[in-house]
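Counting begins at 1 with the first residue of the sequence.
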Amino acid sequence: MKKLIKGAMAGAVVMMLAGCQLYNEALKPDRQEERYIQATRKGEILNGLKTEAVIVATRLNEFDPEQFKSSEGEYFFIDIYISDDAREPKDRGLNNPLYSLRLSNGSEPIEIKRVEREELLKRNITFASRWGEYFLVKFEPQERRYLDRIKLELMHKNLGITVLDYGFRNIKAE
C-alpha cells in the first residue's frame with residue numbers, strides 16, 4: 001500500500017513539473033512576438049489626471065529590417081487613441097490638427113498612410129488595439145550615427161509632448 005501511495009505521489013510530482021514546463025513554454029513569446037515587443041514603445045499625453053492620447057509605436061526597421069531598410073527611410077507603425085478626437089474620420093488620429101509627430105532631431109514625416117482595421121486583420125496583425133487609429137509613417141533615412149539614438153515625439157499644441165526612446169539595444173533572442 002505504501003508503495004502505491006509513493007508511486008502515486010511521484011507520478012503527481014512528475015505531472016506537475018511537466019505541466020509547469022508546458023505552461024512556461026506556452027507563455028514564452030515566439031521570435032516574431034519578441035522582436036515586436038522590443039521594437040515597440042508606448043507614450044501618453046495627459047491633461048491633469050485625464051489621458052488625452054495614447055500612442056503605441058513600433059519601429060519597423062527594428063521589427064523587420066529586411067522589409068524596412070534604414071537606407072530607404074525610418075518606418076513606424078503607429079496605433080494612436082485620442083480621447084476627444086475629431087468627428088470627421090479624415091481628421092482623426094495623426095491627422096488631428098492638434099497633434100504632430102516628428103523625430104527628436106526635428107525630422108518630420110515624409111509620408112503618413114492610414115491603415116484600415118480590415119487590412120490589419122487580412123495580414124493577421126493581431127497586436128493593434130481595437131480602439132485606435134492606425135498609420136504607417138515614413139521619415140527620410142537618418143544618418144548612421146543617429147540610428148541608435150532615435151526618439152519619436154508626439155506633440156499636442158497645448159498639452160505638451162511624449163517621447164518614445166528607441167535608443168536601447170535589443171536583447172538577442174535565444
Side-chain angles (χ1 to χ4, degrees), residues 27-30 32-65 67-68 70 73-143 145-171 173:
L27 291 178
K28 187 177 179 182
D30 66 21
Q32 184 174 1
E33 288 172 329
E34 192 170 331
R35 281 198 323 258
Y36 165 74
I37 291 167
Q38 289 185 1
T40 301
R41 307 288 185 271
K42 177 185 174 226
E44 299 173 340
I45 292 183
L46 304 174
N47 185 4
L49 297 176
K50 182 181 179 196
T51 301
E52 294 292 337
V54 177
I55 182 172
V56 179
T58 303
R59 186 174 174 207
L60 296 173
N61 303 73
E62 286 181 22
F63 176 62
D64 189 352
Q67 184 176 354
F68 299 97
S70 290
E74 286 300 314
Y75 296 88
F76 294 87
F77 174 75
I78 306 288
D79 178 349
I80 185 168
Y81 168 78
I82 299 173
S83 63
D84 294 322
D85 210 350
R87 294 198 188 277
E88 290 294 319
K90 67 178 178 60
D91 294 330
R92 297 178 65 82
L94 292 179
N95 295 326
N96 187 316
L98 293 175
Y99 291 86
S100 60
L101 192 69
R102 71 175 184 208
L103 296 179
S104 62
N105 66 359
S107 295
E108 305 235 343
I110 58 172
E111 184 179 342
I112 298 177
K113 179 186 170 202
R114 178 180 295 278
V115 179
E116 297 299 329
R117 179 130 184 95
E118 295 76 31
E119 188 176 337
L120 296 177
L121 296 173
K122 282 182 203 171
R123 294 175 185 246
N124 202 22
I125 298 174
T126 58
F127 46 78
S129 70
R130 292 187 312 261
W131 54 84
E133 302 284 330
Y134 318 106
F135 298 87
L136 181 62
V137 178
K138 179 181 180 184
F139 291 88
E140 290 283 347
Q142 301 298 304
E143 292 180 36
R145 64 188 168 112
Y146 181 65
L147 290 178
D148 63 347
R149 295 188 306 256
I150 286 184
K151 295 179 184 176
L152 186 66
E153 300 176 342
L154 176 68
M155 294 157 291
H156 183 280
K157 282 186 177 179
N158 304 317
L159 299 176
I161 186 171
T162 186
V163 178
L164 308 178
D165 188 350
Y166 293 88
F168 303 105
R169 295 254 180 233
N170 286 344
I171 299 169

Colleague: May I ask you to test the Leu98-Leu159 pair for a side-chain heavy-atom distance under 4.5 Å?
Modeller: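 Not in contact.
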Colleague: Compare all side-chain heavy atoms of Phe76 with those of Leu164 and state whether any distance is below 4.5 angstrom.
Modeller: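 No, every pair of side-chain atoms sits at 4.5 Å or beyond.
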Colleague: Side chains of Val137 and Phe139: does their closest heavy-atom pair fall under 4.5 Å?
Modeller: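 SC-SC contact between Val137 and Phe139 confirmed.
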Colleague: What's the separation between atom CD1 in Ile112 and atom CG in Leu101, rounded to the nearest 0.5 Å?
Modeller: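 One finds 6.5 Å between CD1 of Ile112 and CG of Leu101.
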Colleague: What pair of heavy atoms forms the shortest contact from Arg92 to Glu133, and how long is it?
Modeller: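 In terms of heavy atoms, the two residues are closest at NE-OE2, 3.0 Å.
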Colleague: Locate the shortest heavy-atom distance separating Asn95 from Lys90; write the atom from each residue and the value.
Modeller: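 Smallest interatomic distance, heavy atoms only, reads CB-O, 3.2 Å.
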Colleague: Testing the basics here: between Pro141 and Ser70, what is the closest heavy-atom pair and its distance to 0.1 Å?
Modeller: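 Closest pair (atom of Pro141, atom of Ser70, distance): CB-O, 3.6 Å.
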Colleague: Just so I know, are the side chains of Asn105 and Glu143 near enough to count as touching, which here means a heavy-atom distance under 4.5 Å?
Modeller: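 With C-beta onward as the side chain, the pair stays apart.
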Colleague: With sequence neighbours left out, what residues match Glu153 under salt bridge (charged side-chain N to carboxylate O under 4.0 Å, His left out)?
Modeller: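 So Glu153 forms a salt bridge (charged side-chain N to carboxylate O under 4.0 Å, His left out) with Arg102.
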Colleague: Side chain of Gln142, backbone of Glu140: donor and acceptor closer than 3.5 Å?
Modeller: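 Looks like yes, one N/O pair under 3.5 Å.
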Colleague: Identify the residue among Thr58, Val115, Val56 that makes a side-chain contact (heavy atoms from CB on, under 4.5 Å) with Asp79.
Modeller: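 Option passing the side-chain contact (heavy atoms from CB on, under 4.5 Å) with Asp79: Val56.
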Colleague: Return the CG to CG distance between Asp91 and Asp85, rounded to the nearest 0.5 Å.
Modeller: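 Reported value, rounded in 0.5 Å steps: 8.5 Å.
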Colleague: Who passes side chain to side chain contact (heavy atoms under 4.5 Å, CB included) against Ser83, sequence neighbours left out?
Modeller: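 Ser83 satisfies side chain to side chain contact (heavy atoms under 4.5 Å, CB included) with Lys50, Glu52, Tyr81 once adjacent residues are dropped.
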Colleague: Kindly determine whether Lys42 and Val54 satisfy side-chain contact (heavy atoms from CB on, under 4.5 Å), including the steps that lead there.
Modeller: CA-CA 7 Å; Lys42 177 185 174 226; Val54 177; 3.7 Å; yes
Colleague: Which pair of heavy atoms, one from Asn61 and one from Phe68, lies closest together, and at what distance?
Modeller: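 Closest approach of Asn61 to Phe68, heavy atoms only: ND2-O, 3.3 Å.
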Colleague: Which of these passes salt bridge (Lys or Arg N to Asp or Glu O under 4.0 Å) with Glu74: Arg59, Lys138, Lys151?
Modeller: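 The single option meeting the salt bridge (Lys or Arg N to Asp or Glu O under 4.0 Å) with Glu74 is Arg59.
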Colleague: Roughly how far apart are Ile45 CD1 and Tyr99 OH, rounded to 0.5 Å?
Modeller: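 If I round to the nearest 0.5 Å, the distance is 5.5 Å.
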Colleague: Can you find a pair of side-chain heavy atoms, one from Leu152 and one from Ile78, that are under 4.5 Å apart?
Modeller: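 Result yes, sub-4.5 Å side-chain heavy-atom pair found.
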Colleague: Working to the nearest 0.5 angstrom, can you tell me the gap between Leu154 CG and Ser100 OG?
Modeller: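 The distance works out to 7.0 Å.
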Colleague: Hey, could you give me the NZ/CG distance between Lys113 and Leu94, rounded to the nearest 0.5 Å?
Modeller: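 The distance works out to 14.5 Å.
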Colleague: Rounded to the nearest 0.5 Å, how far apart are OH of Tyr166 and CG of Leu103?
Modeller: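 Interatomic distance, Tyr166 OH to Leu103 CG, rounded to 0.5 Å: 10.0 Å.
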Colleague: Please step through side-chain contact (heavy atoms from CB on, under 4.5 Å) for the pair Tyr75 and Asp64, ending with a clear verdict.
Modeller: CA-CA 10 Å; Tyr75 296 88; Asp64 189 352; over 6 Å; no
